[in-house]
Every structure is written in C-alpha cells, then in structure tokens.
**Student:** 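Below you'll find the structure I mean.
The chains referred to below are lettered A, B, ... by the order of the sequence lines, with proteins before strands, and numbering in each begins at 1.
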Protein chains: 2
Amino acid sequence: MSELLYYDLKDVAGVAPSLATQVCRELGRRIVGGVVREGALIDDENKLCERFGVSKSVVREAVKLLVAKGLLEVRRGSGTRVRRRASWSLLDDDVLAWHLSVEPRPGFLNQLLEVRQVFEPSAAAWAAKSATKDQIDEIRAAQRKMENAEEIQDYVVADALFHRAVLRAANNEVLMAMEGVIFSALLSSIRLTNADPRDNKRSIPLHQKVLAAIEAQDADAAEAAMKEHLEGTRERLAQFTADESEGK
Amino acid sequence: MSELLYYDLKDVAGVAPSLATQVCRELGRRIVGGVVREGALIDDENKLCERFGVSKSVVREAVKLLVAKGLLEVRRGSGTRVRRRASWSLLDDDVLAWHLSVEPRPGFLNQLLEVRQVFEPSAAAWAAKSATKDQIDEIRAAQRKMENAEEIQDYVVADALFHRAVLRAANNEVLMAMEGVIFSALLSSIRLTNADPRDNKRSIPLHQKVLAAIEAQDADAAEAAMKEHLEGTRERLAQFTADESEGK
DNA sequence: ATGATACTAAACATCAGATGTTTCAATTGT
DNA sequence: ACAATTGAAACATCTGATGTTTAGTATCAT
C-alpha cells in the first residue's frame, strides 16, 4: 500500500485515512475513470490483496464501500463486477468527487449544472417562504464573505457556502442531501475556468438579488433571481468548454 | 443471527442476502428509526458481534456499508457514532427504504413529494426534447401496463415504471440517479393510502397527457402535464394524512 | 492546588489462515 | 449431442492474535 496513500479534501489535516478507505478510493477512481469497463469483472480478492499489498479484510471492506455506492456487485462464486453506470449513486459525494478527479468531461459538468438549474431556484423559493432568522443570517454571512474575499479561493468557497446556505434554508431534508452536487459543480467550474480572475466577483450582484428576495420573503423573486444567476453560470461554462475544444 | 434474516425488495427471490447485509439493514433501520440517537455511540464491535451472533468481520463490513451511506462515523480508539442526520445520504436507495420501513412520518413523505414536484416536470420537459424512439416506447409500454392492470399492485408498479421511464428519457445521468426517490415515494403513498381501490386508475388520463406531450416533443406541455399530475398526487396525500390524524 | 507527564483500558485496524458455500464450466458417460 | 457429475475459482465467514489511536486517570514535580 506504499504506492497508495493520498489525501482527500475530506480528510482532517494530517490524519491518514484507513487502508480500506484508500483502497476504496483507488478502485473507485479507476472504475469511474473507465479503466475497468462496466460489466467487467474486477480482479479477485487475492489479486487485489497482492496488488495493493494489503490483507483480505482490507480489500473486502473497500469492496463493500463500493458496493454501498452502487459501483460494484459481488456474487459468490462468480466474482465481483462493475455495475452499469445507471446503477451508480451519482449523487454520492465520493462518487461525484471521483468523477471530477478523473474526468472533467464537459458533458457531465453540464448535466450537473442542468440539475442545479432545476432544484436551486425552487430551493430559493422555499427559503423565502420558510427560512428562519438564523438561516438567513447564514446566507448573509456567506454573501459578506464573497464581497470581502481577497483570494480567489476564498471567493469560491464563499460562493459554495452561499448556495449551501440557501439549500439549507429551504428546510427540506431530501433537498439538503443534494448539497454535494453543489460543491462538486462548483469545484468543477473552478477547475475548468482555472479560477479565471476576470470572472472574479462577477456574480455578487446576482447573489445579492437572491438574498434580498429571501429576506423579503418574496418566493417568486427568489426563484427568478436564482434562475438568472445559474443561467449566467451555465453560459460561462459553455463559453469555456467552447474555448477548450477550439484550443485543441 | 438467527433472529435476523428478513428479505428485502432488492433480494432476488429466494436468495438470502449475506450476513453483513442483514446486519447492515438491522442497524440501518435502528438508526433511521431513531432507536439510537444522532451523535450517540453505538455498541462496540464486540457487543455487536455478541448481539447479532456473528463474527467481527461481518460486523465490520456492515459498519463500513453504513459509513459509506453517511450514517456512521468510526474513530479509532473512541468508537463508532451516528452522524447527524444532515450528513446522511438521504438519496441513497437503502436509506430511503429504511425510512419508509420504520417511519411513515407524513412530513418526510411530503418532502419527498415536494422534491418530485421539482424535478419530474423538468424531466418530462427534457424527455420531450431529447427522448429516443426506444425511450418513448418504454414510457408507452408502462402506460399500457397501467391501463391493462387488473391487480392493484400491477397498477402501482406500472405507475412507478412510467415515472422511471420518463426520468430515463430525460437523458441526464445525474437526474437518473434520483430514480430511487420515485420508487420510495410511490411505495410510501401505497402504504399510506393502503392501495385504496377508489384511487385506482384515477391518474391514467394525466399520464396519458404527459405521454402525448412527449411524443409531440412539446416540452412546455410535458412539463405542465407532469406538474398537474404531481399536484393531484400531493393533494391526495394531504387528504390521507389529514384523515389519519383525525382518526387518532 | 496545579499543571504536565505517564500509564492504561477501550476500541478500532490489520493481518493470517482455515473452512464453508456458491457458481460456472469442463469433463465424462450415455 | 446431451445430461449428469465433478472440480476449480471466488466469495463468505470464523477465529484469534497483534498493532495503533484515543480518552481518561493516576501520578509527580513544582
């Protein structure tokens, strides 16, 4: 396992994840990255032990993690195979992260953004109707952070926090489970645009509009403002992917 | 483990799930059902082994499954604790299923339906724009099945298949990952309404409307029709939960 | 008393290897 | 050809030993 051992955003600084987690990530990335195709058998437990230099327990736990995420299917006697893509838990944070770490495929990012365009405006509307004072404060705090950010990273993180705060304020647990989609989409945009300073702070007024509508408990306005904001984001994404393919 | 061993919808008929899966389900249901509270430590590995009558490997694999679903967090030395509800993967099929198997809490069902109301109309619109011939055939087949269903179960299953087919026809992978939400919501409605025969086939004309719009590639009409259908569903749910609380 | 240090028990992490069960395919007998 | 048998491959489970981390407790110097 010496070749393994990389860290992830989720790891608390300096704390190494367990071997099982590491093996899981390695396998997960390979599957998501298409190194092993859908429907194909993966190496058997012994081979995996050998390859990663770990014991069978570790491999089994790693495989179980991937089963829980819908990526693998194990069958006694016949082996363990990659499930078809449609069965993957694409909304799982890890699975999303693996996607972005191996494949900044524009099509996928686009689909991610399309989905955001569907549910975030509704979230904003619901937030306008049902947000508590604390929840509005959380949104406002993120907004301020964006305005005061000096480094581009701070700005992007504040951006993500803003959207998450809106999602939370909608007070719908199921919707809240889509938090990961926002962060992933955000991160991928960053990667694509390479945090282009030209875009810096461009979306602040639009965020402001969303916040104001929620504060005023105006659901329609909140929905419209969020929709407008995301459309802008999407146009920029389209712009960048166009540049990308042109450059090549 | 003798007391364990129950089957689930996902199990192929007659095939017993592995012990790890059984333990995972048992623990999952208890957590989701609130038997162990958020933030609380669960029994340690040895206790769990004793309680379920299985070996440590089995317990560890079960726990790993739950970690992957965001329900548990294990820390070396200190123990394994239940994560706060906000961290649970509420969109995971199993987690959803456990919710419904232990707690037909109307609030949750309502939230589930709210989310469906957000993304299914869009799915219908996208389907109108991008569905292939095969995908439309799949929708049509489900529609026919609903019309021809004689048993109430067949009707409900066909209903779910219809919605799934629309979701698939939208050709957005991320959206498709929400398939589980549809089935769960459907199942919960059944449980609540106890498959009331009065409601039988009531929604066929609305489904027909959605199908026709998709066939005609009319995105706006498809979106509107799906929205109308789901609003009806929601009203019925509200009706039943009102009856429920009144009855008590 | 107080603060820092050292010890210890609890709990998870990993390993090794034995044994059972299921599946699939090859073999064999007709 | 066809059907039944057999055996290898692969996962499932168990056992028990040993390592590591954490949190709390006891101890000791000041």
**Student:** Would you say B/Arg75 places a side-chain N or O within less than 4.0 Å of OP1 or OP2 belonging to D/dT21?
**Tutor:** no

**Student:** Between the protein and nucleotides 7-10 of chain C, are there any N/O to N/O pairs under 3.5 Å, and if so, what are the atom names and distances?
**Tutor:**
none

**Student:** Taking everything shown except A/Glu50 itself, do over 12 heavy atoms lie less than 6.0 Å from its CD?
**Tutor:**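 12 or below, so no.
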
**Student:** For the pair made of CG in A/Leu41 and P in C/dT23, what is the distance, rounded to whole Å?
**Tutor:**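 Roughly 15 Å, once rounded to whole Å.
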
**Student:** Indicate whether any N or O donor in one side chain lies under 3.5 Å from an N or O acceptor in the other, for B/Asn171 and B/Gln135.
**Tutor:** yes

**Student:** 5'-most contact on DNA chain C: A/Ser57 or B/Asp43, nearest heavy atom basis?
**Tutor:** B/Asp43

**Student:** Picking from C/dT14, C/dA13, D/dC14, which would you name as closest to the side chain of B/Glu45?
**Tutor:** C/dA13

**Student:** C/dT14, D/dA12, D/dT13: which one has an atom nearest the side-chain heavy atoms of A/Ala20?
**Tutor:**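 That would be C/dT14.
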
**Student:** Return the nearest nucleotide to the side chain of B/Val54; candidates are D/dT13, D/dC14, C/dT14.
**Tutor:**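 So the nucleotide nearest the side chain must be D/dC14.
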
**Student:** Got a salt bridge between B/Arg83 and B/Glu38, using NZ or NE/NH1/NH2 to carboxylate O under 4.0 Å?
**Tutor:**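 Not counted as a salt bridge, because no side-chain N and carboxylate O are separated by less than 4.0 Å.
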
**Student:** Report the distance from atom CG of B/Leu72 to atom NZ of B/Lys64, rounding to the nearest 0.5 Å.
**Tutor:** 10.0 Å

**Student:** For the pair A/Lys69 and A/Asp94, find out whether any cationic side-chain nitrogen is under 4.0 Å from an anionic carboxylate oxygen.
**Tutor:**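 Result for this pair is yes, salt bridge flagged.
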
**Student:** Return yes if a side-chain donor-acceptor contact under 3.5 Å exists between A/Gln22 and A/Glu26, otherwise no.
**Tutor:** no

**Student:** Looking only at side-chain atoms of B/Arg76, point me to the closest of C/dC15, C/dT22, C/dC12.
**Tutor:** C/dC12

**Student:** NZ of A/Lys64 versus P of D/dA10: gap in Å, rounded?
**Tutor:** 17 Å

